[in-house]
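Since the structure comes first, as structure tokens, the remarks are kept for the end.
If you read the sequence from its start, that first residue is 1, and numbering goes on from there.
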Amino acid sequence: AADLATALTQMAYKYWKTPILASRPPQDMSPDQDSNYGWGRLTLRVATGFDGVPPEISILYPGNGETVLTKTPNILALIKDNKTGVKTVSINLDGVPRTDFLFDPVKGVLSYTVTSPLSTGVHSVSITAEDLAGNVSNAVTHTFQVIPPSVPSGLQMITLPYTNLRNADPLSVFIPLVSGSIKVARWVPSDEQTNKYHVYPDPWASFAPPDALGSSPIVAGPPAGLGYFVSTPGIGSTLLNPQGQTVQSDEYSISLVRGAVYPQGWNMIGNPYTSAVQWGAVEFVTNGQRQDLVEAVEAGVTPGIIYEFKNDGQNGYYDFPSDPLAAVMHPFRGYWVHVAKDTKLIVYSPGVSAAAAPKLANKPWLSSEVWRLRLVTSAGGWQDPTLFIGAGPGCTSGYDAGRDVPKPPPLASSLQSYLPKSGWGQYDGAYAQDLRGTNGSQSWNLEVKCDAPNTLVSLTWPDLNQVVPKGV
């Protein structure tokens, strides 16, 4: 340090610069001899090593070559410099500099939300950064393709995995819009009416409903995580134009409501991500206690089943997997889930949920000795193929969580069939599956409702010989 001080002082004397460490000016120089001369303070930073490495840049979203299902994506990147730190960042979208991005120098996270909708097709984003030592990184570039998502035409149960929609009016989302032909409905579990369906333009059926806003929203970024019934005209597929951001977090929470008026506990939900996730990897948080799917079923929080609506062009009906641990929540599809108490559902991102798949495969939901027989009701050209009766170990004549499966409320159905249950307290209602014990004889009651008067109703069991054990 002493040698450095001496060298700096000599340099100042030699070039008639301000003496840095001398206590007084040289004898042969007065203050008015050089306009650069004066008294002051120099702060000298001595680095322990030379910084010749530029910042490191990783574009997190969109991935290189990724297909993006929104015209206003939220671009995410991680920029790190482990020595002097990041000084400046620049981002170009399709060759045009963008300045309205956010950068957190502490976490190194860059976020840029596209404000003007991108056209369908291929786009590119490039990012460069400079550190405080003047090192400039090479541009990191990702190309990605924007395509509009679609849903099947007709009556469907859907979800939109987007947040911060520029226009929450459902009629602005569907392409092409045929005036008056788009119908949207949503079941609101907190409603104190028996029929809890709300039809747009009722605000409860919008993509920013009142229960998803305010201080205690059921989801953080509507409509992501919410399920809807949608009826669109024509055949084939209906294109969507959702101008919002996709969910990038590792987990997304959806509040599930029990409600006070029968039928209780039904919630319409959706996959909040644009890729499929494992239903068996979800968790429930009830009264501060976090439980996986099996634990939540055993605690009586939920039957653990998700139901999807299927439409073959003539019949619309609910279906559910025999093993919910192996179930998949597909993007843009809505689902029903039933709860016996208020709780919060945690859905994990595709990457996180996929990592849990091998572990879930080792947890059989039902014993291999349990048999399930499908019952199919038909009337007047309509069909309801989703009733199951059966028996096996672990099943009783009372309510068995995860084995006895309630049936969601219909939106509009010319034919309804269900297994009525009473004497089960809070679990009373219409059921799609009732499994019993193997002791003694068993009988099941079945109820059918049909809109067509004087219509013959038939009941068949096409899989009888394949699934029911001999001797039963």
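- Of all the heavy atoms in Asp191 and His198, the pair that sits closest is OD2-NE2, 2.6 Å.
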Stepwise side-chain contact (heavy atoms from CB on, under 4.5 Å) check, Phe101 with Ile75:
CA-CA 9 Å; Phe101 59 85; Ile75 296 170; over 6 Å; no
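- Not one N or O on the side chain of Asn164 forms a donor-acceptor pair closer than 3.5 Å with the backbone of Gly244.
- Across every non-hydrogen atom of His123 and Gly121, the tightest pair is CD2-O, 3.3 Å.
- Between atom CG of residue Leu69 and atom CD of residue Gln145 there is a gap of 10.0 Å, rounded to the nearest 0.5 Å.
- Of the candidates Leu239, Asn241, Ile182, Ile182 is the only one forming a side chain to side chain contact (heavy atoms under 4.5 Å, CB included) with Phe174.
- Residue Glu130 places its CD atom among more than 12 non-hydrogen atoms of other residues, nucleotides or ligands, all under 6.0 Å distant.
- In this structure, the side chain of Thr343 engages the main chain of Val285 through a donor-acceptor pair within 3.5 Å.
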I would like to know whether Leu226 and Phe207 meet side-chain contact (heavy atoms from CB on, under 4.5 Å); could you show each step before the answer?
CA-CA 8 Å; Leu226 301 179; Phe207 291 150; over 6 Å; no
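- In terms of modelled atom types and a separation under 3.5 Å, the side chain of Arg186 and the main chain of Gly227 share no donor-acceptor contact.
- Under the 3.5 Å distance criterion, the side-chain polar atoms of Asn267 are matched with a main-chain donor or acceptor of Gly265.
- The side-chain heavy atoms of Pro73 and Leu118, taken from C-beta on, include a pair separated by under 4.5 Å.
- Counting non-hydrogen atoms of neighbouring residues, nucleotides and ligands closer than 6.0 angstrom, the CG atom of Asn287 reaches no more than 12 such neighbours.
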Just do the side-chain contact (heavy atoms from CB on, under 4.5 Å) check on Tyr307 and Met157 with the steps written out, would you?
CA-CA 10 Å; Tyr307 313 75; Met157 194 172 175; over 6 Å; no
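- Side-chain atoms of Tyr348 and Glu283 include a donor-acceptor pair closer than 3.5 Å.
- Partners of Asp384 according to the side-chain hydrogen bond (donor to acceptor under 3.5 Å, both in side chains) rule, which considers only residues two or more places apart in sequence or in another chain, are Lys407, Ser417.
- Side-chain atoms of Phe103 and Val86, non-hydrogen and from C-beta on, do get closer than 4.5 Å to each other.
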Go through the steps for Ser137 and Thr128 under the test side chain to side chain donor-acceptor pair (under 3.5 Å), then give the verdict.
CA-CA 6 Å; Ser137 69; Thr128 59; 5.4 Å; no
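- With hydrogens and angles ignored, the 3.5 Å screen pairs no side-chain donor or acceptor of Gln289 with any backbone N or O of Thr286.
- Side-chain atoms of Ser237 never come within 3.5 Å of backbone atoms of Pro152 as a donor-acceptor pair (strictly under, hydrogens ignored).
- Side-chain contact annotation: Gln248 with Thr246, donor-acceptor N/O pair under 3.5 Å present.
- In this structure, Arg166 contributes its side chain and Thr115 its backbone to a donor-acceptor pair below 3.5 Å.
- In this structure, Thr113 OG1 and Leu102 CG are separated by 7.5 Å, a value rounded to the nearest 0.5 Å.
- Residues Thr143 and Ser124 have side chains in contact (heavy-atom distance under 4.5 Å, counting atoms from C-beta outward).
- If you run ring pair (Phe, Tyr, Trp, His ring centres under 6.0 Å) between Phe309 and each of Phe320, Tyr335, Phe229, Tyr228, only Phe229 comes through.
- The two atoms that bring Thr72 and Gln245 nearest to each other are O-NE2, 3.2 Å, heavy atoms only.
- Checking side-chain atoms of Asn74 against main-chain N and O of Ser111 turns up no donor-acceptor pair under 3.5 Å.
- Distance check, rounded to the nearest 0.5 Å: NZ of Lys196 to CD of Gln264 gives 7.0 Å.
- Judged by distance alone, the side chain of His338 and the main-chain N or O of Pro303 form no donor-acceptor pair under 3.5 Å.
- The side-chain hydrogen bond (donor to acceptor under 3.5 Å, both in side chains) search around Tyr318 returns Trp336, not counting sequence neighbours.
- Contact annotation: the side chain of Tyr252 never approaches that of Pro161 to less than 4.5 Å [non-hydrogen atoms, C-beta and beyond].
- Here the shortest heavy-atom pairing between Leu213 and Pro222 reads CD2-CG, 4.3 Å.
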Could you walk me through whether Arg290 and Ile346 pass side-chain contact (heavy atoms from CB on, under 4.5 Å), step by step?
CA-CA 9 Å; Arg290 202 177 189 104; Ile346 308 297; 3.7 Å; yes
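- Across all their heavy atoms, Ile306 and Pro321 have their closest contact at O-CD, 3.4 Å.
- Within the 4.5 Å cutoff, no side-chain heavy atoms of Asn135 are placed close to those of Val53.
- For the residue pair Asn271/Thr159, the side-chain donor-acceptor check at 3.5 Å is not satisfied.
- Counting heavy atoms from C-beta on, the side chains of Val352 and Glu251 never come closer than 4.5 Å.
- Using a 4.5 Å heavy-atom cutoff, the side chains of Gln156 and Val151 are not in contact.
- Side-chain atoms of Asn311 come within 3.5 Å of backbone atoms of Leu155 as a donor-acceptor pair (strictly under, hydrogens ignored).
- For the residue pair Tyr200/Asp169, the side-chain donor-acceptor check at 3.5 Å is satisfied.
- Atom-to-atom distance recorded for Asn138:CG and Ile57:CD1 is 9.0 Å, nearest 0.5 angstrom.
- Using a 4.5 Å cut-off on side-chain heavy atoms (C-beta onward), Gln433 and Asp404 make no contact.
- Put simply, CD on Gln291 and CZ on Phe284 are 9.0 Å apart, with the number rounded to the nearest 0.5 Å.
- Residues Ser153 and Thr238 share a closest heavy-atom pair of OG-OG1, 2.9 Å.
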